[in-house]
Amino acid sequence: VVNYPDRRVFRLFLLFLDLCALVGAFHLAVETRLGLNPYYGYQMTREVVDLLTPPLGLILLLWIPMSRWVSLYRPRRGGKVAGSAGQIVESVVAVAMLTIVVTFFIRSFGAGFSRTFVLFFSAYSMATLMAARLILWAALGWCQRRGYAMERVAIVGAGPDTKALAEHLESAGTLGLTLRGVIAAGP
């Protein structure tokens, strides 16, 4: 049995995956805006889009403290998918608002700024971030079914409930948990 990797390493890997997802969302948003040129009154060229979009580096730089502020890389409430989706939405909205504010001040009080890009980027960010997590969870589940990346647990207690829980953990090998022992308190 291979032990579960250090949680800090796992969080750093997830942050790296998120940054890659944001880069993908950025490029998808740019291409979407260019692709929708026939439907807008103002036709953008790639050079104009580069001038009107917030810098990718700024978005990535804002993501790191904002994701920490909303505890994106901490255990979530509400289940794995619903909890993560809520945290992702919260992070993306906060970063989008902060990006608008920062870009407003660094670009002559909003003189050149694409609001449609921010909308497209926000939507694509939510989708790519959630997809990255789903892929990561699938990979982790695949590894755990093969006995890798298992988390060690111990049960503290005695009695029939403790025995039932121990039997459940022993029989359900796909939970990603390895029962290491039972600690029974006695007089």
Side-chain angles (χ1 to χ4, degrees), residues 1-36 44 46 49-50 52-103 113-153 172-178:
V1 174
V2 176
N3 294 330
Y4 194 74
D6 186 352
R7 290 183 187 277
R8 288 172 295 190
V9 172
F10 184 77
R11 285 187 204 126
L12 282 174
F13 182 70
L14 187 54
L15 172 64
F16 174 75
L17 216 69
D18 283 354
L19 293 176
C20 291
L22 290 171
V23 169
F26 182 88
H27 292 295
L28 281 170
V30 167
E31 294 303 319
T32 299
R33 179 56 184 95
L34 289 172
L36 292 175
M44 288 191 180
R46 185 162 302 279
V49 169
D50 289 342
L52 296 180
T53 57
L56 176 60
L58 173 68
I59 294 170
L60 298 178
L61 190 64
L62 292 173
W63 179 261
I64 294 169
M66 192 58 64
S67 61
R68 183 167 174 84
W69 182 63
V70 297
S71 301
L72 186 61
Y73 303 110
R74 296 287 179 189
R76 63 215 144 279
R77 292 180 182 215
K80 189 171 16 178
V81 176
S84 286
Q87 286 178 316
I88 287 170
V89 169
E90 187 179 354
S91 294
V92 168
V93 168
V95 167
M97 290 181 356
L98 194 56
T99 301
I100 291 169
V101 169
V102 170
T103 305
F113 186 68
S114 174
R115 291 171 300 281
T116 55
F117 169 82
V118 174
L119 291 174
F120 291 143
F121 176 72
S122 297
Y124 284 134
S125 293
M126 290 179 205
T128 57
L129 289 166
M130 200 62 207
R133 277 170 172 63
L134 292 173
I135 291 168
L136 182 64
W137 293 328
L140 187 60
W142 182 85
C143 289
Q144 288 173 339
R145 283 190 297 279
R146 282 153 184 75
Y148 300 109
M150 302 297 280
E151 190 163 6
R152 298 174 295 186
V153 296
T174 60
L175 294 176
L177 302 173
T178 302

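One-based numbering along the sequence shown.
You'll find the side chain of Trp69 reaches within 4.5 Å of the side chain of Met66, heavy atoms only. Between Arg133 and Leu14 there is a side-chain heavy-atom pair separated by less than 4.5 Å. Inter-residue side-chain proximity for Thr116 and Leu36 is flagged as unmet; no heavy-atom pair is nearer than 4.5 Å. The side-chain heavy atoms of Asp50 and Arg46, taken from C-beta on, include a pair separated by under 4.5 Å. Counting heavy atoms from C-beta outward, Phe121 and Val92 have side chains that stay 4.5 Å or more apart. Counting heavy atoms from C-beta outward, Phe120 and Thr53 have side chains that stay 4.5 Å or more apart. For the pair Val89 and Val93, the minimum side-chain heavy-atom distance is below 4.5 Å.
The structure places CG of Leu56 at 11.0 Å from CG of Leu61, a figure rounded to the nearest 0.5 Å. With rounding to the nearest 0.5 Å, the separation of OG in Ser91 from CG in Asp18 is 8.5 Å. Between the CE atom in Met126 and the CD1 atom in Ile88 there is a gap of 9.5 Å [rounded to 0.5 Å].
Here the closest heavy-atom approach between residue Leu62 and residue Val95 is recorded as O-CG2, 4.2 Å.
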Using residues 19-29 as the side-chain source, report each donor-acceptor pair under 3.5 Å to any protein atom, sequence neighbours left out, with the distance given to one decimal.
none

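Not a single salt bridge (charged side-chain N to carboxylate O under 4.0 Å, His left out) links Arg33 to another residue, sequence neighbours left out. Applying the side chain to side chain donor-acceptor pair (under 3.5 Å) test to Thr32 and every residue at least two apart in sequence or in another chain returns Tyr124.
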Checklist line | side-chain contact (heavy atoms from CB on, under 4.5 Å) assessment of Thr99 paired with Val118 | finding: CA-CA 9 Å; Thr99 301; Val118 174; 5.6 Å; no

